[in-house]
Amino acid sequence: MNTPNHQVSTPRNLAANDAVPRDAAAVILLRHAEDRSTNPQIFWARRSERLAFLGGFYAFPGGQREASDAETSVAHAEDADTAAMIACAARELFEELGVLIARGAETLTKGQIASLHDDLVSGRMLFAALLKHFGLHLDARDFRFVGRWVTPPFSPRRFDTLFFLVECPRKQEPRVLSPEFESGEWIEAAEAYARWQQSEVLGVPPVIHAVRTLASGLTDDLVERFLSVAQAHREPVRRIEFLPGFICFPVRAPTKPPATHTNCYLVGHRDFVIIDPASPYEDEQSALASCVDDLRTEGRGPREIILTHHHPDHVAGVEALKKHLGGSVPIAAHRLTAEALRGVITIDRLIEDGDSIELEGPPPLALRALLTPGHTRGHLCFYEEGTGALITGDMVVGLGSVLIDPLEGNMRDYLRSLERLRALPKLTALFGGHGPAVGGARAKIDEYIAHRLEREANILGAMCDGATTPVEIVARVYTDVHPKAHAMAERAVLAHLEKLEADGLIRCGTEGNYTVRSSISDDEIGLPQNGGRVSTK
Ligand SMILES: [Zn+2]
């Protein structure tokens, strides 16, 4: 249990997660909404896999409020704040999809709208000035408010987002104009919801709520249905279902910054497993217990509590949950995790590499256990072949980075484990132990591998320049890491040095200093392993 550090923080991440949620607006763009006989169509776009935040997720156009949004006049707005948020929504929609929702815009040609768009994104004119110049104005009645959602605190970026339902003018056609999105499409809301139910797309709770609500049609009580859940009124979302059957329930835990929460996962449609009940805090333990009770009320049954690995920020809520469940639900983990937890938590069932945990449906799910040493020796990931979902524990996380701390941590094993995950036949999403899910799964794993190999090459480079100890190497190589995190970085360097020594590229001296093997070639420095297949993004 004595494993203090396992995430290296950077100043950038620290700043991001400490920030209060920022004001933002998003637009749910509707087409042919006046025809109530058919399913309404919405326009959604897939976020680029390269984005650090919610890469690969389906989303609506939108973004952060800018200071200049207060300067845009909006007719019939309730108050100045609402006006600014509507201006923000209209501006973001225009910037990202080229659709201009302004009174008077119906007389503009496509060419004129394109030229206005160019004026805005090139920064030649602010949105307010642009509207004024062309005799256009925004009207609050074109923006139907359908909820205000706050990003949960487990996320590296948090927004307080107002959602507006907007009718797309018949003469305008949205198209993806922002590098944030890789593609976009009109889709029937019912079809969008079905695609999520079939685990084909990833979405955050307000997006899934919107398509589910619209899938029931453009009824008179549409807005009421949008606003019928507490989360649409800024109540924090606790139970996050990025994919059906995979509930992420972040709990506050004494983990390393920038993370403040550890993700507990409840997986299964009928009988379910609880992975990593992590919080030592009573209020968080009872929140998790209530979530488990809710699932039981819905007719689901808890089968087992499962641990990815033994670190305290992943197991501290195990005993409390077991007690809450009357002691009848067994605890399962890998043998090496059981050994590390001896005298602290009793493991009732051992899980071996390749074991399958079959969960009843419909639809049934099968979690295959993958022994992935590197962060800890007994670390397990869980792979669901049908959906392509992968629960990654602390192998890959959605926030911060993973520390490989010898001797429990091993860099060679870690890179091998990453390669193994990368080779899985279908990967839809990574569900990490911290932070939001990751949609661009292979791109993320590639980034992880490339990052480690780049560090390794830099470490060898620093050693060729005369650095011989972890302290000297950190000072030269970890220039992007906050000095407060240097002690942790030294552990990471040690892990790299162990690997380089095992690879036969360096030697360890008697004084704990390291030297590069004299016959080392340039090729070996640049491409320590992997044949250079992975490129740095
Ligand atoms: Zn850990």
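Atoms within a ligand are numbered from 1 in the order they appear, just like the ligands themselves.
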Is the distance between the Zn ion (ligand 1) and the nearest N/O/S atom of H375 smaller than 2.8 Å? yes
Does R270 have more than 12 heavy atoms from other residues, nucleotides or ligands lying within 6.0 Å of its CZ? no
Under 6.0 Å between ring centres, would you say that holds for F57 and F242? yes
Between H311 and the Zn ion (ligand 1), is there a contact where an N/O/S atom of the residue lies under 2.8 Å from the metal? yes
Parallel, tilted or perpendicular: ring planes of H434 versus H314, cut at 30 and 60 degrees: perpendicular
Residue D394, metal the Zn ion (ligand 1), N/O/S under 2.8 Å: yes
For T255, the option from T262, D394, D313 that meets side chain to side chain donor-acceptor pair (under 3.5 Å): D313
